[in-house]
Amino acid sequence: MPHRHPEDRVYTVMSGVFYIGLGDQFDGEKVNAYPPGSVIILPGDTAHFHWAKSGEYVTQVTAMGPLGLEYMDANDDSRRKLR
């Protein structure tokens, strides 16, 4: 579901196809597909969502901490359900 991170992130697609979309509302029609070898640079505080639309994918995520995660809709945060 849509979320953001305070830090800049670099996603490198190792295998599969990585689908990512920008915005604070999930829309499966607005994702872009990135094949293995692709590098996506996402500035901090950019609302986005990713999807395993065509199956499993592996990405390497590089970032400088401290790391964070904020869901655009707090109800989408599965960490809240564990409490």
Side-chain angles (χ1 to χ4, degrees):
M1 298 313 302
H3 62 280
R4 63 181 167 204
H5 310 279
E7 71 283 353
D8 296 343
R9 289 192 169 205
V10 177
Y11 295 89
T12 304
V13 183
M14 308 304 287
S15 66
V17 178
F18 181 57
Y19 292 86
I20 188 168
L22 302 179
D24 58 4
Q25 297 291 319
F26 179 86
D27 185 342
E29 298 298 316
K30 294 187 177 178
V31 294
N32 292 312
Y34 295 93
S38 298
V39 176
I40 302 99
I41 299 171
L42 193 66
D45 294 321
T46 301
H48 65 285
F49 45 92
H50 21 92
W51 186 17
K53 185 175 180 178
S54 62
E56 181 179 288
Y57 64 84
V58 175
T59 58
Q60 174 180 297
V61 182
T62 306
M64 295 291 287
L67 305 178
L69 171 63
E70 175 189 359
Y71 282 90
M72 305 316 292
D73 180 344
N75 292 319
D76 290 333
D77 190 343
S78 62
R79 297 171 298 182
R80 294 170 44 106
K81 296 173 183 147
L82 297 175
R83 295 179 190 163

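Following chains of ILVMFWY side-chain contacts shorter than 4.5 Å, one can reach V61 starting from I20, so the two form part of one hydrophobic cluster. Under the 4.5 Å side-chain heavy-atom criterion for ILVMFWY residues, a single connected hydrophobic cluster contains both L22 and Y11.
Atom CD1 of I41 is separated from atom OG1 of T62 by 10.5 Å, given to the nearest 0.5 angstrom. To the nearest 0.5 Å, atom CG of residue D24 and atom CG of residue D27 are 11.5 Å apart. To the nearest 0.5 angstrom, E7 atom CD is 9.5 Å from L42 atom CG.
Of all heavy-atom pairs spanning G23 and P2, the tightest one is O-CB, 3.9 Å. Nearest heavy-atom pair across P36 and G16 is CD-O, 3.1 Å. For the pair A63 and D8, the tightest heavy-atom approach, listed with the atom from each and the gap, is CB-O, 3.4 Å. The two residues V17 and Y57 have their closest heavy-atom pair at O-CB, 3.6 Å. Scanning all heavy atoms of the two residues, the minimum distance from H5 to L69 falls at CE1-CD1, 3.6 Å.
Counting only heavy atoms from C-beta outward, the side chains of F26 and W51 approach each other to under 4.5 Å. For the pair D73 and M1, the minimum side-chain heavy-atom distance is 4.5 Å or more. Looking only at side-chain heavy atoms (C-beta outward), R4 and M72 come within less than 4.5 Å of each other. Between I40 and V13, some side-chain heavy-atom pair lies under the 4.5 Å cut-off. Within the 4.5 Å cutoff, no side-chain heavy atoms of T12 are placed close to those of S38.
Within a 6.0 Å sphere centred on NZ of K30, other residues, nucleotides and ligands contribute 12 heavy atoms or fewer.
For H48 (side chain) and H3 (main-chain N/O), a donor-acceptor pair under 3.5 Å exists by modelled atom type.
In this pair, H50 and F18 present their aromatic rings tilted. The plane angle is within the 30 to 60° band.
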